[in-house]
Amino acid sequence: MLFHLGLGILIYFVGFSAKLYFALFTAVFLFQIIRTANKTDLVLVAAAYTTGFEVFSRMTQSAFSYEFAKYMVIIYVTIGMFYKGFKVKSWPFVVFLILLVPGVLFSAINLSYDSNVANAIGFNLSGPVCLGIATLYCYDRRIKEQRFQDILTALLLPIISMTVYLYLYTPSIKDVLTGTASNFATSGGFGPNQVATVIGLGCFILFVRIIQVKSLFINALDAALLGLIAYRGIITFSRGGILTGGVCIGLFVLLYFLNGRVKQKVNLIMKFSVFVLLIGLVWIVSSSSTGGLIDKRYSNQDAAGREKEDVTTGRVDLLNKELEAFYQNPITGIGVGKIREYRLQETGKNAATHNEVSRMLSEHGSFGLVALMLLFFTPLVYRIKNRSNLLAYSFFAFWFFTINHSSMRIAAPAFVYGLVYLTIIRENSNTLRRKRLAR
């Protein structure tokens, strides 16, 4: 943790160090994965770390290309499958990947002559392909609980570095506030939506650690980090990622309470009470530092206190146009990457999609509809039989809500969706005792 706190400071003051560090950890992970033949599922740790670093890499322009993190996640888990294969039971995601192919063909036909077909396909399909490949690897893969915690930690650490960078980038919030819209200045000069999304994920991971780790010192440290990270997430003025993190926490609390023993339930109630007080304090600080503007943002008001007509900040209009394209082309869709051109022709606005559901329908047609049904119903059926992963429903919620407010612009929803299917192996005290006796 100290290393990643220092990393955030270093990258802020020495900008090119971000690119060097990105190249270094990518090379180290690849070397270690091949050297160990992925015996310890290191590919998931590497993919998690790259996913956590993605937004920070875009913010600091340290990745080799905009979609590089998604490509690396695909490469990592593909190497993992080379060494360990994947389960035949994961066939729904082979079908899912096949269902993406017709959209590529229609894209080549329908995109305008001036369009860069390869870029359009790469930008719009990198997320779904990342999801499909990651899930093929994760499906019913047995992971020891400690390794699972390593994966979550790998996701979290780069978010800590990014948060340090944000504090240095805009130490004074009031100087950069201009209204209640999402604020690039408080988001490191990068997209507030993406920044808030990974911060919401980071807050969820920290909360899980607070509940599961039995150490007062570690709990206090995680609580302090949670407060500092949550504050930076709130003042991006981007609500989707923060609210999604809150939903994930709520689902985890519910499942933990229902499945826990009496002692665990008491522990949960005590720690959750402290968490509520902490978030209340963070909100008070956020409200004070923004002069009350953050309260108006979450109340759907402008800076003058007038209620805005559209709580979705234009997303409904984008969604309606994409559904309109689906209604006109229900079988084949209009092709991957075509929706942006379609919207420009119909409305004169060159806006990117915010909703992966409507994009899949508009660009892939009935193939997209079947693909979405596979993504939605497969984990629900799978988790009826396999309840080893208490975080599964929170991960599923993170994927679903994120793709509905931010599409799949970053690797996080794709990779986290794959984690839904991990089987967590816990070694209880009786198992350990039998091992000692066997020796």
Side-chain angles (χ1 to χ4, degrees), residues 8 52 55-56 59 155-156 158-210 222-250 252-253 272 274-303 305 307-308 311-313 315 354 394 397-398 401-402 404-406 410 412:
V55 174
F56 194 23
M59 186 184 297
L155 261 172
L156 174 65
I159 299 173
I160 293 174
S161 297
M162 185 188 74
T163 303
V164 172
Y165 182 91
L166 292 177
Y167 275 100
L168 294 171
Y169 190 90
T170 44
S172 177
I173 304 304
K174 291 183 179 179
D175 295 340
V176 297
L177 293 179
T178 56
T180 59
S182 296
N183 196 309
F184 281 76
T186 61
S187 306
F190 189 66
N193 189 290
Q194 296 182 30
V195 173
T197 296
V198 293
I199 285 180
L201 178 60
C203 289
F204 168 65
I205 295 172
L206 282 166
F207 178 81
V208 171
R209 285 173 52 84
I210 290 170
D222 285 339
L225 282 171
L226 176 57
L228 292 169
I229 292 175
Y231 170 72
R232 292 305 308 200
I234 290 170
I235 62 171
T236 62
F237 282 76
S238 183
R239 296 166 293 187
I242 303 304
L243 294 176
T244 296
V247 171
C248 293
I249 289 171
F252 173 72
V253 168
F272 186 71
V274 174
F275 167 75
V276 171
L277 292 173
L278 174 64
I279 293 302
L281 176 61
V282 170
W283 187 267
I284 291 170
V285 173
S286 302
S287 179
S288 175
S289 64
T290 61
L293 288 176
I294 196 65
D295 303 272
K296 293 177 180 178
R297 172 64 170 172
Y298 278 79
S299 299
N300 194 41
Q301 297 175 350
D302 61 17
E307 186 170 353
K308 296 180 181 179
V311 70
T312 67
T313 59
R315 284 175 171 79
H354 283 266
S394 294
F398 177 81
F401 286 105
T402 299
N404 275 281
H405 75 79
S406 187
I410 59 176

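For the numbers below, each heavy atom of this structure counts, side chains included, while hydrogens, waters and symmetry mates do not.
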- Task: Any chance you could lay out the side-chain contact (heavy atoms from CB on, under 4.5 Å) test for Tyr169 and Phe190, step after step, and finish with the verdict?
- Result: CA-CA 11 Å; Tyr169 190 90; Phe190 189 66; over 6 Å; no
- List the steps, then state whether side-chain contact (heavy atoms from CB on, under 4.5 Å) holds for Leu277 with Leu281. CA-CA 6 Å; Leu277 292 173; Leu281 176 61; over 6 Å; no
- Do Lys296 side-chain atoms and Ala303 backbone N/O form a donor-acceptor pair below 3.5 Å? yes
- Item | Distance (rounded to the nearest 0.5 Å) between Thr244 OG1 and Leu201 CG | 10.0 Å
- Task: Only counting residues at least two apart or in another chain, list the ones meeting side chain to side chain contact (heavy atoms under 4.5 Å, CB included) with Ala224.
- Result: none
- Task: Quick one: pull up OG in Ser394 and CD1 in Ile205 and give me the separation to the nearest 0.5 Å.
- Result: 11.0 Å
- At their closest point, which heavy atom of Ile235 faces which heavy atom of Ser289, and how far apart are they? CG2-OG, 4.4 Å
- Could you check Phe401 against Leu243 for side-chain contact (heavy atoms from CB on, under 4.5 Å), going step by step and ending with a plain yes or no? CA-CA 9 Å; Phe401 286 105; Leu243 294 176; over 6 Å; no
- Message: Looking at Met59, is its backbone amide N or carbonyl O close enough to the side chain of Tyr165 to form a donor-acceptor pair, meaning the two atoms are under 3.5 Å apart?
- Response: no
- Report the distance from atom CG of Leu177 to atom CG of Asn183, rounding to the nearest 0.5 Å. 6.0 Å
- Item | Heavy-atom side-chain contact between Gln301 and Thr180 under 4.5 Å | no
- Message: Given 3.5 Å as the limit, does a donor-acceptor pair link the side chain of Thr402 with the main chain of Phe398, or not?
- Response: yes
- Message: The criterion is side-chain hydrogen bond (donor to acceptor under 3.5 Å, both in side chains); which residues satisfy it with Ser182, sequence neighbours excluded?
- Response: Arg297
- Minimal non-hydrogen separation, Phe56 against Ser161, with atom names: CE2-CB, 3.9 Å
- Message: To check you understand the geometry: which heavy-atom pair defines the closest contact between Ser187 and Leu166, and what is its length?
- Response: C-CD2, 3.4 Å
- Message: Determine whether a donor-acceptor pair (N or O, by modelled atom type, separation under 3.5 Å) exists between the side chain of Ser288 and the backbone of Ile284.
- Response: no
- Note on the structure: Separation between CG (Leu226) and CD1 (Ile249), nearest 0.5 Å, reads 6.5 Å
- Task: Can you see which heavy atom on Thr170 is nearest to which on Arg232, and at what distance?
- Result: OG1-NH2, 2.7 Å
- Message: Please give me the minimum heavy-atom distance between Ile229 and Ile160, naming the atom from each residue.
- Response: CD1-CG1, 4.2 Å
- Item | Heavy-atom side-chain contact between Phe237 and Leu293 under 4.5 Å | yes
- Task: Kindly assign one of parallel, tilted or perpendicular to the pair Phe272 and Phe207, based on the angle between their ring planes and the thresholds 30° and 60°.
- Result: perpendicular
- Query: How long is the gap from CZ on Arg209 to CG on Asp222, to the nearest 0.5 Å?
  - Reply: 4.0 Å
- Indicate yes or no for a side-chain donor-acceptor contact from Ser238 to the backbone of Val195 under 3.5 Å, with no hydrogens or angles considered. no
- Could you tell me which residues satisfy side-chain hydrogen bond (donor to acceptor under 3.5 Å, both in side chains) with Asn404, sequence neighbours excluded, listed by chain and number? Asn355
- Given the rule in the side-chain contact (heavy atoms from CB on, under 4.5 Å) test, do Val176 and Phe184 qualify, once you have shown the distances and angles that lead to the verdict? CA-CA 9 Å; Val176 297; Phe184 281 76; over 6 Å; no
- Heavy-atom closest pair (Ile242 atom, Ile234 atom, distance to 0.1 Å) is CD1-N, 4.0 Å
- Is any side-chain heavy atom of Ile199 less than 4.5 Å from a side-chain heavy atom of Met162? yes
- Item | Phe275 side chain near Val253 side chain, heavy-atom distance below 4.5 Å | no
